Amino acid sequence: VGKYRKALKLMEQIVPAYRGKPQAQRLMFIYANTFYELEDYYLAGYQFERFEQSYPSSDSVEVAAYRSARSFYELSPRYSLDQEDTYTALEKLQKYLNKYPETEYRSEANVLVAELRVKLEKKDIEIARQHLKTAQTFGSYKPAIEAFDNFITDHPGSIYRKDAFFGRFKAAYLQAINSIPSLVDERLVAARGYYNNFAKYYSETELKEEADELLEDINA
């Protein structure tokens, strides 16, 4: 790290002097890479992006594009925080993969994309669970049902998909049994429909036993 800090001080002095000259291309790549090695990913992402735009025919442009996208990945926060940087990272990585389909970094980039998607899925499933947790306090299970519904639509291949199907069923069940008498039957029928959807896909999961208990209560 020490050598990159020293290099950065030197680069900051000489880069402006070489702007527009033949040596600028190599210097700009080294400059961007210095930020990358120092884990200053905001500046690394920005500088590699500038390099890519300024030197599109460079031999180093593909590496620059990957490190730019990778820098945005490194800026993605843990799932419980605002995910704006995660969406940006996904966009940058996808753009990179589309532009360089034969890249040697393809499998590595795909792993990063998968990680970011799981993070967004975790964020969304936790929001839905939170709606379910607070439903009784606020007197409505509708936001929880809608949140689980949206999750199922938005994340078709998610590892949390079974939790969303179960959560939607449980929210509908709780909505039914906490409803005014005139709405109970209609809502129990709706909840049974959600059970059938859950059981159709996830009859072999650890959630099946609890789902079956809730169904028994509905039938009773």
Side-chain angles (χ1 to χ4, degrees), residues 41-42 69 72-95 97 109-220:
Y41 293 115
Y42 274 109
F72 287 105
Y73 160 84
E74 296 290 353
L75 292 169
S76 172
R78 66 178 185 272
Y79 80 91
S80 56
L81 300 175
D82 180 82
Q83 293 301 303
E84 186 180 343
D85 284 334
T86 303
Y87 283 108
T88 302
L90 264 176
E91 183 191 330
K92 300 286 184 188
L93 283 162
Q94 204 56 64
K95 189 177 170 185
L97 286 165
N110 279 326
V111 168
L112 302 184
V113 166
E115 270 183 45
L116 294 174
R117 284 187 178 146
V118 168
K119 191 182 289 189
L120 293 177
E121 289 163 13
K122 189 166 175 61
K123 174 86 171 177
D124 286 352
I125 199 70
E126 288 301 332
I127 288 170
R129 285 170 177 160
Q130 197 58 34
H131 280 307
L132 181 55
K133 203 178 285 186
T134 58
Q136 202 153 7
T137 307
F138 293 110
S140 174
Y141 288 88
K142 192 179 174 188
I145 294 169
E146 287 178 351
F148 285 121
D149 239 341
N150 290 337
F151 185 94
I152 290 164
T153 303
D154 295 343
H155 305 293
S158 173
I159 58 172
Y160 301 109
R161 193 169 165 80
K162 72 175 185 301
D163 302 273
F165 270 86
F166 177 77
R168 182 175 65 175
F169 163 55
K170 188 172 183 178
Y173 162 80
L174 290 169
Q175 181 187 49
I177 64 170
N178 286 289
S179 295
I180 57 173
S182 62
L183 291 174
V184 170
D185 284 354
E186 174 193 332
R187 287 180 171 176
L188 285 174
V189 169
R192 189 188 286 122
Y194 287 136
Y195 169 85
N196 291 337
N197 289 334
F198 166 78
K200 180 180 175 183
Y201 298 109
Y202 302 108
S203 59
E204 302 299 317
T205 68
E206 73 284 357
L207 296 169
K208 180 70 162 46
E209 188 178 341
E210 187 181 348
D212 287 346
E213 287 171 9
L214 299 182
L215 181 67
E216 279 178 32
D217 199 34
I218 288 171
N219 292 334

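Just so you know, these numbers come straight off a predicted model, no measurement behind them. FYI, the numbering just counts along the sequence from 1.
- Counting heavy atoms from C-beta outward, Asp124 and Tyr160 have side chains that stay 4.5 Å or more apart.
- For the pair Leu174/Leu132, a side-chain contact is recorded, criterion being any heavy-atom separation below 4.5 Å from C-beta on.
- Taking the ring axis of Tyr79 as reference, the NZ or CZ atom of Lys123 does not stay both within 45° of it and closer than 6.0 Å to the ring centre.
- Atom OH of Tyr173 is separated from atom CD of Glu213 by 10.0 Å, given to the nearest 0.5 angstrom.
- Remark: of the listed residues Val113, Val111, Val118, Val111 is the sole one forming a side-chain contact (heavy atoms from CB on, under 4.5 Å) with Glu115.
- Geometric assessment of Arg168 against the ring of Phe165 yields a positive cation-pi assignment under the 6.0 Å and 45° thresholds.
- Atom OH of Tyr42 sits about 12.5 Å away from atom CD of Glu74, to the nearest 0.5 Å.
- Between the CZ atom in Phe166 and the CD atom in Glu206 there is a gap of 9.5 Å [rounded to 0.5 Å].
- Contact between Ile145 and Ala171 at its shortest, heavy atoms only, is CG1-CB, 3.6 Å.
- The ring-ring contact (aromatic ring centres under 6.0 Å, His included) test with Phe169 singles out one residue from Tyr195, Phe198, Phe148, Tyr202, and that residue is Tyr195.
- Note: Leu207 CG to Leu214 CG = 10.5 Å, rounded to the nearest 0.5 Å.
- Going from atom CG of Leu120 over to atom CG of Leu90 covers 6.0 Å, rounded to the nearest 0.5 Å.
- Looking at Tyr194 and Asp149, their side chains come closer than 4.5 Å, going by heavy atoms from C-beta outward.
- A cation-pi contact, defined as under 6.0 Å to the ring centre and within 45° of the axis, links Lys92 to Phe72.
- For the atom pair CG (Asp217) and CG (Asp212), the distance works out to 12.5 Å, reported to the nearest 0.5 Å.
- Side-chain contact between Ile125 and His155 is absent, with no heavy atoms from C-beta onward closer than 4.5 Å.
- Side-chain atoms of Thr88 and Leu75, non-hydrogen and from C-beta on, never get closer than 4.5 Å to each other.
- Scanning both residues, Asp85 and Pro77, for their nearest heavy atoms gives CB-CD, 4.1 Å.
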Any chance you could lay out the side chain to side chain contact (heavy atoms under 4.5 Å, CB included) test for Glu126 and His131, step after step, and finish with the verdict? CA-CA 9 Å; Glu126 288 301 332; His131 280 307; over 6 Å; no
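- Smallest separation of non-hydrogen atoms from Arg192 and Leu215: CG-CD1, 3.9 Å.
- Considering every non-hydrogen atom in both Leu112 and Leu93, the closest pair reads CB-CD1, 3.8 Å.
- Within the 4.5 Å cutoff, side-chain heavy atoms of Leu188 are placed close to those of Val184.
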Begin from the C-alpha positions of Ile152 and Asn197 and carry the test side chain to side chain contact (heavy atoms under 4.5 Å, CB included) through to its verdict. CA-CA 11 Å; Ile152 290 164; Asn197 289 334; over 6 Å; no
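- Salt-bridge annotation for Glu121 and Arg161: absent, with no side-chain N of the basic residue lying under 4.0 Å from a carboxylate O of the acidic one.
- Lys119 approaches Ser76 most closely through the heavy-atom pair NZ-OG, 2.9 Å.
- The two residues Phe151 and Ala164 have their closest heavy-atom pair at CD2-CB, 3.5 Å.
- Looking at Arg78 and Gln83, their side chains never come closer than 4.5 Å, going by heavy atoms from C-beta outward.
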